[in-house]
Amino acid sequence: MTVFAAAARRAAWPSIDGWTAAALAVAALVAVPLASIAYRALDPSDDTLSHLAATVLPVYVSNTLWLMLGVGLGTVVIGSSTAWLVTMYRFPGRRILSWALLLPLAVPSYVLAFVVTDQLEYAGPVQAALRELFGWASARDYRFPEIRSLGGAIVVLSLVLYPYVYLLARAAFTEQCFCLFEASRTLGRGPLPSFLRVALPMARPGIAVGVALALMETLNEFGTVEFFAVPTLTAGIFDVWLNMDSPAGASQLAVALVAFTLVLLAVERRARHRGRVHATTTRVRGLPEYPLARGAALAALLWCALPVLLGFVLPAAVLAGYAIEFHDAALGHEYLAFAGNSLRLAAAAAVVTTALGLVLAYGVRLSRHPGMRAMAEAATVGYAVPGAVLAVGLLYPLGALDNSVDAVARELFGISTGLLLSGTIAGLVLGYSARFMSLSYRTLDAGLERVTPSIEGASRTLGAGPGATLRRIHSPLIRPSLLVAALLVFVDTMKELPLTLLMRPFDFETLATFVYQLASDELLEECALGALTIVAAGVLPVAVISRTIARSRPGHHPG
């Protein structure tokens with residue numbers, strides 16, 4: 001009986017060594033914000049939620065649901081249709097569009113919102129040209145869609161988030177076996193019915209993941225919805241915390257937002273598993289790439305070019321023009337100092353998050369225990385949680401830790417340590433690590449999976465310990481994964497707005513906060529250089545990702 005009990009305990013719990021303990025510590029560290037939010041939300045002395053439920057909470061929930069529905073439909077239509085066209089058909093410009101369709105991913109949604117409003121508002125060039133063309137004297141003479149509205153937010157977010165669906169749909173289409181599609185064509189089905197009935201269902205798992213990623217970013221969105229005056233749950237967290245001075249109420253809204261996220265993840269996983277398909281043959285050949293007639297080719301070109309023009313070319317051109325014309329004003333606003341802050345923060349976050357992700361992934365690999373992997377997966381849920389929620393969850397434990405250290409220092413040494421983590425660069429970097437740990441861990445875990453265990457076994461046989469094996473064997477082999485993980489974290493940190501606004505030190509600005517504040521004050525011209533810098537930082541990983549997809553199928557040569 002004792003032998004069986006010991007075996008059961010070994011199966012239930014992994015053996016704890018240094019690397020396993022370090023991985024568990026990393027998992028616990030990034031799980032702190034969610035535990036803190038749950039604790040604060042249970043504060044019985046705060047009745048803010050009941051007041052919100054009777055006033056604005058239904059509006060928050062309704063707007064959030066409509067925003068998710070609109071963005072979900074928009075990203076599916078744009079992303080899957082363009083992915084299918086550039087994967088399966090030949091038309092002019094396809095080679096360029098196959099990677100250019102990813103470029104809007106480099107544009108922060110709040111930047112596009114500022115540019116669209118600048119161009120389409122009453123005093124903007126579009127309405128001014130219409131009034132001059134048709135002789136209209138004022139807004140009473142014509143009707144123009146309201147830009148700052150829920151519909152405007154849906155359009156803007158769809159334009160910058162559809163690349164998530166395009167990315168995974170194109171990868172799914174590229175990796176498909178097209179025997180079934182060709183069989184459908186030989187049985188008399190046209191291209192569109194074959195796409196809708198065969199190819200699209202086969203790609204549904206990848207599309208479901210892409211939509212889930214887009215909707216997670218939608219839940220995290222603050223700059224666009226705030227600028228367009230659309231009250232959502234994320235905007236409500238800022239309002240309740242900063243304007244109503246109710247941390248517990250903000251935590252309760254954060255719990256509601258986390259519930260939205262968990263439901264979204266559950267729906268995505270169910271859709272992915274229900275749509276799982278498997279190839280019926282191991283034979284892989286190049287894609288057919290059907291040529292299109294002149295009219296169809298022109299339509300495909302226009303349809304694929306439109307989201308690139310609206311989501312990247314337009315904002316980049318407008319920002320470049322303003323940056324050149326008003327560069328003196330931008331430099332006068334301490335652009336170089338803010339750019340330096342952003343670069344240092346992004347570099348620190350990339351190094352710290354990649355290092356922690358490596359510890360977590362390597363600890364899971366050494367343990368090879370399902371419980372460890374489950375804990376690692378739970379620790380990476382931060383990417384699915386909005387930045388405002390993580391900020392709410394981090395500030396309380398960091399403040400408590402600072403107060404405890406300060407009390408001990410006063411008692412023992414008669415000095416005050418002040419704030420060591422909360423409201424500091426260190427606390428902000430910790431917040432970024434909790435937010436983007438999924439990017440680091442998943443990239444490095446995939447890289448380590450490609451290293452054969454026999455190499456690791458040979459190193460251990462020759463007397464090298466786990467640390468030496470990681471340093472001498474694994475790190476050189478997974479260097480590309482390390483670079484990709486660091487690059488992804490760097491770029492996302494440059495764009496992150498909600499978490500930065502809530503956790504930054506006093507009187508500390510980054511390019512993201514600088515652009516948001518000036519553009520909110522209708523000073524887009526003066527922050528254009530900063531916005532353009534953020535956009536430029538996102539172009540490199542987009543090019544790397546596109547190149548990776550293009551090489552993912554044997555026999556496929558985009559052209």
Side-chain angles (χ1 to χ4, degrees), residues 71-107 112 155-156 158-186 188-204 206-207 210-211 214 285-317 542-543 545-553 555-559:
V71 173
L73 290 175
T75 53
V76 165
V77 171
I78 299 173
S80 58
S81 61
T82 53
W84 179 252
L85 288 172
V86 300
T87 302
M88 287 296 296
Y89 296 98
R90 291 203 306 268
F91 55 90
R94 183 178 71 97
R95 181 193 296 270
I96 296 175
L97 288 170
S98 64
W99 60 265
L101 279 161
L102 284 172
L103 288 175
L105 196 61
V107 181
L112 181 60
V155 171
V156 167
S158 297
L159 284 173
V160 298
L161 297 178
Y162 82 83
Y164 284 111
V165 178
Y166 169 80
L167 180 70
L168 292 165
R170 185 180 166 207
F173 292 145
T174 300
E175 295 167 1
Q176 280 181 7
C177 172
F178 279 87
C179 303
L180 294 177
F181 179 79
E182 292 178 341
S184 174
R185 296 295 305 275
T186 58
R189 294 284 184 181
L192 182 59
S194 297
F195 166 68
L196 294 176
R197 292 176 176 266
V198 178
L200 193 61
M202 291 175 66
R204 190 172 67 181
I207 293 174
V211 174
R285 60 182 178 82
L287 298 173
E289 298 179 358
Y290 303 110
L292 291 175
R294 179 174 299 179
L298 179 60
L301 173 62
L302 292 176
W303 177 249
C304 293
L306 188 60
V308 179
L309 293 174
L310 296 178
F312 181 80
V313 176
L314 171 65
V542 166
I545 292 170
S546 179
R547 188 176 181 86
T548 301
I549 295 176
R551 294 181 172 185
S552 64
R553 179 183 177 93
H556 176 52
H557 304 285

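Contact of the Leu101 side chain with the Tyr162 side chain is registered, since non-hydrogen atoms from C-beta on lie closer than 4.5 Å. Within the 4.5 Å cutoff, the side chain of Ile78 has no heavy atoms near those of the Val165 side chain. At least one side-chain heavy atom of Leu105 sits less than 4.5 Å from a side-chain heavy atom of Tyr164.
Under the rule for a side-chain contact (heavy atoms from CB on, under 4.5 Å), the partners of Leu301 that lie at least two apart in sequence or sit in another chain are Phe91, Leu97. When the side-chain contact (heavy atoms from CB on, under 4.5 Å) test is applied to Leu310, the partners found at least two apart in sequence or on another chain are Leu159, Leu306.
Counting heavy-atom neighbours within 6.0 Å of Leu309 CG, excluding the residue itself, gives a total above 12.
Listed for the Thr87 side chain is no donor-acceptor partner under 3.5 Å among the backbone atoms of Trp84.
For residues 294-315, every residue pair satisfying the side-chain hydrogen bond (donor to acceptor under 3.5 Å, both in side chains) rule, not counting sequence neighbours, is listed here: Ser81-Trp303.
Going from atom CG of Leu112 over to atom OG of Ser158 covers 10.5 Å, rounded to the nearest 0.5 Å. Distance check, rounded to the nearest 0.5 Å: CG of Leu85 to CZ of Arg170 gives 12.5 Å.
Considering every non-hydrogen atom in both Ser80 and Ala169, the closest pair reads CA-CB, 4.2 Å. In this structure, Val308 and Ala100 approach most closely via the heavy-atom pair CG2-O, 3.6 Å. A pairwise comparison of heavy atoms in Val86 and Cys304 identifies CG1-SG, 4.2 Å as the closest pair.
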